[in-house]
Protein chains: 2
Amino acid sequence: MKNMAKNKVNIPIPGKPVRGSKSGAPIMALFDLLGRRWAMGVLWTLNEIEPATFRKLQDSCETISPAVLNQRLKELRAAGLVDRGEGGYIVTNMGQEIYTLLVPLGSTAKKWAKQQISKTDT
Amino acid sequence: MKNMAKNKVNIPIPGKPVRGSKSGAPIMALFDLLGRRWAMGVLWTLNEIEPATFRKLQDSCETISPAVLNQRLKELRAAGLVDRGEGGYIVTNMGQEIYTLLVPLGSTAKKWAKQQISKTDT
DNA sequence: TATCGCGCTATTAAAACGATAGCTTTTTTA
DNA sequence: TAAAAAAGCTATCGTTTTAATAGCGCGATA
């Protein structure tokens with residue numbers, strides 16, 4: 001059977017073609033990584049509860065399937081944003097740096113939510 | 001044919017179940033929106049070149065297919081982050097606010113890129 | 001009127017996701 | 001220390017999303 005490379009972890013590599021940039025611009029590579037389903041949500045959630053076991057993280061994400069969670073974790077680890085340590089999964093320094101930059105999105109998201117809701121209800 | 005409603009624009013609604021939050025936390029709703037392929041890349045690119053025609057934006061994105069670009073544009077418009085004006089697509093105030101928060105990711109992405117590359121070569 | 005650029009849409013196939021069951025391995029507990 | 005429970009995934013399979021590419025309809029030129 002040719003089962004080679006089935007659980008491969010495919011992450012964007014800066015400097016090589018990525019979604020949005022043939023030359024592999026870092027920001028586009030990062031967007032390629034974080035712009036996958038659940039990627040930012042997992043990073044965000046893990047930051048709030050780390051260290052976390054697989055199941056604890058799964059529970060905190062509320063609706064993520066184990067297959068996708070596992071996939072994202074592999075990618076985030078390969079990208080050096082997440083690691084494993086005592087007590088389970090943790091966020092690396094680089095991961096926290098990125099998380100920190102995402103934090104302000106929280107309040108803007110609230111503002112955006114109000115705008116969206118007021119647009120809906122009429 | 002079981003595919004009615006195919007041109008439907010399905011965006012996450014804060015306050016209703018979204019990926020990552022059954023109660024629809026704003027940040028998770030926003031992640032749900034921005035965590036779709038090309039979403040952040042399109043927002044980023046449009047900010048750099050706006051106003052832009054569909055084709056100009058498509059060219060700037062380098063490798064996006066028109067179907068996906070169109071889909072993302074519909075979503076971003078429905079979410080109030082992008083609009084159409086003189087000269088084509090533009091970024092709304094809310095869109096720019098979010099873009100502004102993403103900007104710092106640019107330099108962190110460079111740092112991350114170096115780290116990733118040095119991990120690869122050797 | 002023929003041509004051109006623009007804004008998409010159509011089509012088809014591949015890849016990603018979602019939902020769920022359940023198999024191993026490790027840790028508790030009785 | 002055997003049995004039970006929890007953890008960490010993996011397997012499967014149907015649905016959705018994305019990709020790749022061709023090309024249509026329309027308004028502005030030439």
Side-chain angles (χ1 to χ4, degrees), chain A residues 1 3 5-12 17-22 28 31-42 46 49-78 82-90, chain B residues 1-12 17-22 28 31-42 46 49-78 82-90:
Chain A
M1 31 172 84
N3 230 347
K6 125 190 214 199
N7 0 344
K8 72 176 176 187
V9 179
N10 202 332
I11 63 172
V18 298
R19 202 169 266 115
S21 172
K22 291 176 184 169
M28 288 301 159
F31 281 164
D32 193 339
L33 180 78
L34 297 180
R36 293 175 182 188
R37 240 156 223 165
W38 280 105
M40 290 186 288
V42 166
L46 183 55
I49 65 172
E50 73 170 343
T53 62
F54 187 91
R55 296 217 175 191
K56 180 181 173 193
L57 184 51
Q58 188 184 348
D59 285 346
S60 291
C61 285
E62 299 192 24
T63 58
I64 197 171
S65 79
V68 172
L69 175 56
N70 190 231
Q71 181 67 29
R72 287 297 94 86
L73 283 174
K74 281 181 186 169
E75 293 166 0
L76 292 173
R77 287 185 70 191
V82 163
D83 201 356
R84 301 189 70 160
E86 283 294 315
Y89 290 99
I90 57 177
Chain B
M1 56 127 123
K2 39 168 47 177
N3 227 355
M4 313 182 8
K6 54 186 162 189
N7 316 353
K8 182 179 173 187
V9 180
N10 202 333
I11 62 174
V18 298
R19 201 168 269 116
S21 172
K22 291 175 183 168
M28 289 299 160
F31 281 164
D32 194 337
L33 180 77
L34 297 179
R36 292 175 181 187
R37 265 181 191 132
W38 280 104
M40 291 186 288
V42 167
L46 183 56
I49 65 173
E50 71 170 344
T53 62
F54 186 91
R55 296 215 173 189
K56 180 182 172 190
L57 184 53
Q58 187 184 349
D59 286 346
S60 291
C61 285
E62 299 192 22
T63 57
I64 196 171
S65 79
V68 172
L69 175 56
N70 191 232
Q71 182 65 29
R72 286 297 96 83
L73 283 173
K74 281 181 186 168
E75 293 166 2
L76 292 173
R77 287 186 69 189
V82 163
D83 202 356
R84 302 189 70 162
E86 283 295 314
Y89 290 100
I90 57 178

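Atoms considered below: every heavy atom in the structure, side chains included; atoms not considered: hydrogens, waters and symmetry mates. In the text below, chain A, chain B and the rest are named by the order of the sequence lines, each starting its count at 1.
- Whole-Å rounding puts the B:Leu57 CG to C:dG7 C1' distance at 12 Å.
- At a cut-off of 3.5 angstrom, counting only N and O atoms as typed in the model, there is no donor on one side facing an acceptor on the other between the side-chain of B:Arg55 and the base of C:dG5.
- Positionally, the nearest nucleotide of DNA chain C for A:Arg36 lies more toward the 5' end than for the other of A:Gln58 and A:Arg36.
- Of the two residues contacting DNA chain C, namely A:Thr63 and B:Leu73, the nearest-nucleotide position lying further toward the 5' end is that of B:Leu73.
- Nearest nucleotide to the A:Ser65 side chain, out of D:dC9, C:dC8, C:dG18: C:dG18.
- One interatomic measurement links the two molecules: CG of B:Leu69 to C1' of D:dA19, which rounds to 13 Å at whole-angstrom precision.
- Spacing between atom CD of A:Glu75 and atom C1' of C:dA15 amounts to 13 Å, rounded to whole angstrom units.
- Atom CG of A:Asp59 and atom C1' of D:dA7 are 11 Å apart (whole Å).
- For C:dC17, one of the phosphate oxygens OP1 or OP2 lies less than 4.0 angstrom from a side-chain nitrogen or oxygen of A:Arg72.
- In this model, the phosphate group of C:dG7 is not approached by any side-chain N or O of B:Asn70 to a distance below 4.0 Å at OP1 or OP2.
- Taking side-chain N and O atoms only, B:Tyr89 has no distance below 4.0 Å to OP1 or OP2 of C:dC6.
- Distance from the side chain of B:Lys74 is smallest to C:dT9 among C:dT9, C:dC17, D:dA19.
- Considering only side-chain atoms of A:Arg37, the nucleotide from C:dA10, D:dA11, C:dC17 that sits closest is C:dC17.
- One interatomic measurement links the two molecules: CZ of B:Phe54 to C1' of D:dG27, which rounds to 18 Å at whole-angstrom precision.
- To the nearest 0.5 Å, atoms CD (B:Gln58) and OG1 (B:Thr53) are separated by 9.5 Å.
- When the side-chain nitrogen and oxygen atoms of A:Trp38 are compared with OP1 and OP2 of C:dA16, none of them lie within a distance under 4.0 Å.
- The side-chain heavy atoms of B:Trp38 and B:Leu73, taken from C-beta on, include no pair separated by under 4.5 Å.
- Using a 4.0 Å heavy-atom cutoff across all strands shown, B:Thr53 reaches sugar-phosphate atoms only and no base atom.
- Distance, A:Asn10 CG to C:dA14 C1': 14 Å, rounded to whole Å.
- Distance B:Lys22 NZ to C:dA19 P: 11 Å, rounded to the nearest Å.
- One can place CD of A:Gln71 at 15 Å from C1' of D:dG8, the figure rounded to the nearest angstrom.
- With contacts defined as side-chain heavy-atom distances shorter than 4.5 Å, the pair A:Phe54/A:Asn70 qualifies.
- For the atom pair SG (B:Cys61) and CE (A:Met28), the distance works out to 7.0 Å, reported to the nearest 0.5 Å.
- Close to C:dC8, at under 4.0 Å from its OP1 or OP2, lies a side-chain N or O of B:Arg84.
- Considering only heavy atoms from C-beta on, A:Arg36 stays 4.5 Å or farther from B:Arg36 through its side chain.
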